[in-house]
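Because the structure is a prediction, the values reported are computed rather than measured. All ligand and atom numbering here is 1-based and tracks the order in the structure. Here, residue 1 is the first one in the sequence, and each next residue gets the next number.
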Amino acid sequence: MKNKFNQLRDEFLEQLARVKTNEHLKELELKFLSRRGRLSELMGGLKDLNVDLKKEAGELANNVKKELQEKFNALSKSLNNLVAKNNEIDVTLPGANLAQGHLNPITLVQNELEDIFSSLGFMILDGPELESDYYNFTALNIPPNHPARDMQDTFYVDYKNKDGHYDLLMRTQTSPVQIRAMQKYGAPLKALIPGRCFRNEATDARHEHTFYQVEGLLIGENINFANLKSFLEIVGQRLFGPNTKLRMRPKFFPFVEPGNNGEYTCFLCQGSGCRVCKQTGWLEIVGAGLIHPEVLRAGGIDPEIYSGLAFGFGLNRLAMLKYNINDIRLFNSGDLKFLEQF
Ligand code: DAH
């Protein structure tokens with residue numbers, strides 16, 4: 001009997017030494033010290049002993065009980081103190097410093113363009129990144145099998161429409177939102193559409209599978225090439241300063257006619273030639289043109305009544321020029337050493 005009490009005592013103390021939380025301590029109390037716990041159970045057996053043995057074992061039992069209860073109380077007290085301490089707030093401690101984030105340079109140039117164009121009365125629109133083949137190509141006067149599709153390979157979703165064609169793709173340009181905007185708002189219309197685009201590229205310092213463009217369109221009665229020219233001039237001067245000159249060179253884009261590239265005098269050397277403009281004095285910045293009648297029709301606008309101009313900027317290129325960034329892959333890298341500079 002005496003052995004059993006000593007054994008119980010050792011077992012209890014061993015388990016008590018491992019207790020770290022109040023919950024754990026309560027479990028131990030229930031198991032050993034409660035009315036139905038193991039100590040009570042053992043003491044219940046005392047009544048069956050003869051008088052001498054009962055006296056001796058009873059004394060030991062009482063000592064063990066006292067000892068266990070004391071040890072238990074002591075640990076309970078220190079655990080409670082610990083909890084109270086943890087809940088105390090020291091109002092004199094300095095606050096935790098929150099690291100301040102930075103805007104991605106793409107966001108910076110996008111904000112700048114949005115400011116310029118909203119001051120010219122343009123609304124800022126958004127469109128889906130997952131597009132249909134129709135909006136991304138066909139409606140923009142790039143029918144199936146048109147060679148212009150070759151330059152804009154992209155990522156297709158593994159889904160076929162009822163004709164058995166892969167119909168959903170990651171948009172290669174922001175131009176499909178031209179059609180969506182015409183269908184939704186009709187003419188006249190002035191809209192700027194920034195957004196993320198995707199292409200199946202072999203990536204290098206100048207090519208990236210994920211990049212940003214800004215699209216713009218202005219539709220009204222009698223919008224003509226002279227309007228396009230003066231409009232692009234204003235945009236260049238707002239972007240790069242009042243002395244900026246515009247040069248327009250013909251370029252084919254299926255959704256405009258005529259189409260051209262707008263180039264501006266280099267903001268760094270003012271046209272005399274430097275590293276940034278590759279000694280030409282000019283920077284190729286914007287694709288633009290007068291909206292093709294087929295495209296207006298696809299947008300539900302009558303080309304006999306309305307005409308319009310459209311243009312597209314590559315935001316990555318603008319940011320690279322402006323902030324002297326030499327690798328396009330840095331924009332999506334998530335590299336803080338890069339981002340913290342802006
Ligand atoms: N979507 C063209 C591209 O990705 C850029 C562009 C060119 C947009 C001419 C236009 C435009 O709206 O008129 O290369």
Side-chain angles (χ1 to χ4, degrees), residues 106 109-110 113 117 122-125 127-129 131 133-143 146-155 169-182 189-201 206-220 223-225 227-233 235-236 246-264 283-296 298-299 301 303 306-318 320 328:
I106 297 277
V109 290
Q110 178 179 331
L113 280 167
F117 282 90
F122 281 60
M123 56 178 166
I124 313 290
L125 297 180
E129 294 176 354
E131 255 303 1
D133 180 287
Y134 175 76
Y135 278 101
N136 195 77
F137 292 124
T138 311
L140 290 167
N141 206 25
I142 317 174
H146 193 288
R149 289 191 176 210
D150 288 354
M151 291 183 297
Q152 302 195 359
D153 187 21
T154 183
F155 306 100
L169 51 88
M170 301 306 289
R171 68 174 176 198
T172 59
Q173 47 188 350
T174 41
S175 309
V177 195
Q178 285 191 27
I179 308 288
R180 292 182 177 278
M182 290 182 217
L189 181 61
K190 284 198 279 186
L192 188 81
I193 307 138
R196 186 157 53 169
C197 305
F198 309 84
R199 288 188 198 177
N200 181 14
E201 296 278 6
R206 305 173 114 247
H207 299 89
E208 177 61 300
H209 50 68
T210 303
F211 57 97
Y212 291 79
Q213 288 188 344
V214 163
E215 192 83 12
L217 76 169
L218 187 158
I219 298 172
I223 301 296
N224 58 35
F225 201 81
N227 297 134
L228 176 64
K229 181 166 182 267
S230 68
F231 179 78
L232 290 181
E233 245 160 25
V235 171
L246 169 75
R247 156 169 111 170
M248 294 169 90
R249 303 219 277 183
K251 170 132 194 219
F252 173 73
F253 297 104
F255 30 87
V256 283
E257 179 59 34
N260 53 82
N261 251 337
E263 301 179 5
Y264 295 117
L283 294 172
E284 236 182 74
I285 297 289
V286 56
L290 293 179
I291 304 177
H292 197 289
E294 283 302 323
V295 174
L296 286 171
I301 291 176
Y306 292 102
S307 52
L309 57 91
F311 54 92
F313 290 90
L315 275 187
N316 298 70
R317 177 164 159 74
L318 257 191
M320 287 171 86
I328 192 173

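Ligand 1 places these atoms under 4.0 Å from at least one heavy atom of G289: 13 (O). Every atom of ligand 1 with a heavy atom of S175 under 4.0 Å away is listed here by number and element: 1 (N), 8 (C). Close approach to Q213 involves these atoms of ligand 1, each under 4.0 Å from a residue heavy atom: 3 (C), 4 (O). Distances below 4.0 Å separate heavy atoms of R199 from the following atoms of ligand 1: 3 (C), 4 (O). Interface atoms of ligand 1 facing G312, defined by a heavy-atom separation under 4.0 Å, are 8 (C), 10 (C), 12 (O).
For atom 6 (C) of ligand 1, the closest heavy atom belonging to the protein is F255 CE1, 3.9 Å. Taking atom 1 (N) of ligand 1 as the reference point, the nearest protein heavy-atom neighbour is Q173 OE1, 2.7 Å. In terms of protein heavy atoms, atom 13 (O) of ligand 1 is closest to A310 O, 3.2 Å.
Atom CD of E284 is separated from atom NZ of K251 by 6.0 Å, given to the nearest 0.5 angstrom. Once rounded to the nearest 0.5 Å, the distance linking CD of Q173 with CD of Q213 reads 6.5 Å. With rounding to the nearest 0.5 Å, the separation of CZ in R199 from NE2 in H209 is 14.0 Å.
Under the 3.5 Å distance criterion, the side-chain polar atoms of N261 are left unmatched by any main-chain donor or acceptor of R249.
The side-chain heavy atoms of N200 and F155, taken from C-beta on, include a pair separated by under 4.5 Å.
Of the options R171, Q178, E215, the smallest heavy-atom separation from atom 8 (C) of ligand 1 is shown by E215.
Note on ring orientation: taking the six-membered ring where Trp is involved, the planes of F117 and F311 are parallel (angle under 30°, cut-offs 30° and 60°).
Ion pairing between a basic and an acidic side chain is recognised when a charged N comes within 4.0 Å of a carboxylate O; E131 and R180 show such pairing.
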